[in-house]
Amino acid sequence: NCESYYRGELMEKIVAHSRATGGYFSEEDFRSYRPAWVEPITQDYRGYTVYEQPPVSQGHILLQSLGIVETFDLAGMGHLSPEVLHLCLEANKLAHADKDHFTTGPTWTPLPQGLLSPEYAATFVGGRSSDIERTMNFVRARAARDRLARISALSPELQRETEDRH
């Protein structure tokens, strides 16, 4: 329970282990700690409201990533297709880049609310998304090549027919 962690036997064991291994925890660190209540941050995603912890957690990265991918037709790309997976990874990379640029801790700098806005997410469709589109085209081309290789293994005639249509 919480009392054991902050003031009881569990705290004593943690501090003893810390001291034995060169750590710096003290009983006072645990006894004086007071958790802070924080309001969650949210992002609407396809009819759902997703809640996350604000910074210093990395919940805002997930929320920003959802905002970015919501601007794309995921269903049209196919469930767990290479295009969908790649898009999600690219959106996550962009959200991490923004985290590195815009966020510290809420004590020093609050999370810029614009990072979670639909207007900001829309800038990735045409603006910064050109990077996403370029890499998505590469993934699509590789997926098409892989499909042709699988078809070729099954039937050389079917491969020629498929190549003629593309």
Side-chain angles (χ1 to χ4, degrees), residues 2 5 14 17-18 21-25 29 33-154 158-159 162-166:
C2 290
Y5 184 82
I14 292 170
H17 179 75
S18 177
T21 57
Y24 298 100
F25 283 129
D29 291 331
Y33 177 75
R34 299 292 177 262
W37 181 264
V38 295
E39 291 298 319
I41 55 177
T42 63
Q43 175 76 6
D44 290 330
Y45 179 76
R46 302 183 193 264
Y48 294 92
T49 300
V50 182
Y51 292 82
E52 273 290 352
Q53 282 259 122
V56 297
S57 84
Q58 294 192 9
H60 63 289
I61 294 169
L62 169 68
L63 298 181
Q64 186 180 350
S65 297
L66 288 174
I68 294 169
V69 300
E70 187 174 29
T71 64
F72 291 84
D73 177 19
L74 297 181
M77 293 178 188
H79 180 69
L80 294 179
S81 68
E83 293 87 357
V84 166
L85 296 176
H86 186 79
L87 172 63
C88 291
L89 289 170
E90 290 299 318
N92 197 267
K93 283 171 34 181
L94 292 167
H96 271 278
D98 282 347
K99 173 210 44 124
D100 293 342
H101 185 76
F102 291 112
T103 62
T104 60
T107 305
W108 297 280
T109 307
L111 177 68
Q113 287 304 304
L115 290 180
L116 303 180
S117 72
E119 295 79 18
Y120 185 68
T123 67
F124 292 94
V125 182
R128 289 173 64 188
S129 73
S130 59
D131 291 337
I132 290 178
E133 289 300 326
R134 267 196 304 280
T135 54
M136 293 294 288
N137 288 336
F138 172 76
V139 170
R140 286 184 194 107
R142 188 170 61 201
R145 185 198 68 220
D146 292 347
R147 277 193 300 275
L148 286 175
R150 285 193 304 273
I151 290 169
S152 175
L154 295 173
L158 187 56
Q159 178 193 9
T162 306
E163 286 174 341
D164 291 342
R165 280 191 255 151
H166 293 288

Give me the atom names and distance for the closest heavy-atom approach of [X] to [Y].
{"X": "Pro54", "Y": "Pro40", "answer": "CD-CA, 4.4 Å"}
{"X": "Ala95", "Y": "Ser65", "answer": "CB-OG, 3.6 Å"}
{"X": "Leu116", "Y": "Gln64", "answer": "CD2-N, 3.6 Å"}

Quick one: pull up [atom1] in [X] and [atom2] in [Y] and give me the separation to the nearest 0.5 Å.
{"X": "His86", "Y": "Lys93", "atom1": "NE2", "atom2": "NZ", "answer": "6.5 Å"}
{"X": "Glu52", "Y": "Gln58", "atom1": "CD", "atom2": "CD", "answer": "10.5 Å"}
{"X": "Asp98", "Y": "Ile68", "atom1": "CG", "atom2": "CD1", "answer": "7.0 Å"}
{"X": "Leu74", "Y": "Leu85", "atom1": "CG", "atom2": "CG", "answer": "10.5 Å"}
{"X": "Asn92", "Y": "Leu87", "atom1": "CG", "atom2": "CG", "answer": "11.0 Å"}

Exercise. Report the C-alpha separation of Tyr24 and Asp29 in whole Å, then their side-chain angles, then the decisive distance to 0.1 Å, and conclude whether the side-chain contact (heavy atoms from CB on, under 4.5 Å) test is met.
Key: CA-CA 9 Å; Tyr24 298 100; Asp29 291 331; 6.0 Å; no

Practice problem: Just jot down the side chain to side chain donor-acceptor pair (under 3.5 Å) partners of Thr21, sequence neighbours excluded, or say none. | Solution: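 Once residues adjacent in sequence are excluded, Thr21 has no partner under the side chain to side chain donor-acceptor pair (under 3.5 Å) criterion.
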
Exercise. Would you confirm whether Ser18, through its side chain, and Ile14, through its main-chain N or O, come within 3.5 Å as a donor-acceptor pair?
Key: no

Quiz item: Do Glu70 side-chain atoms and Arg46 backbone N/O form a donor-acceptor pair below 3.5 Å?
Solution: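 It does hold such a pair.
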
Practice problem: Please list, chain by chain and in numerical order, all residues satisfying side chain to side chain contact (heavy atoms under 4.5 Å, CB included) with Ser81, sequence neighbours excluded. | Solution: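 Checked Ser81 against side chain to side chain contact (heavy atoms under 4.5 Å, CB included); matches are Met77, Glu83, Val84.
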
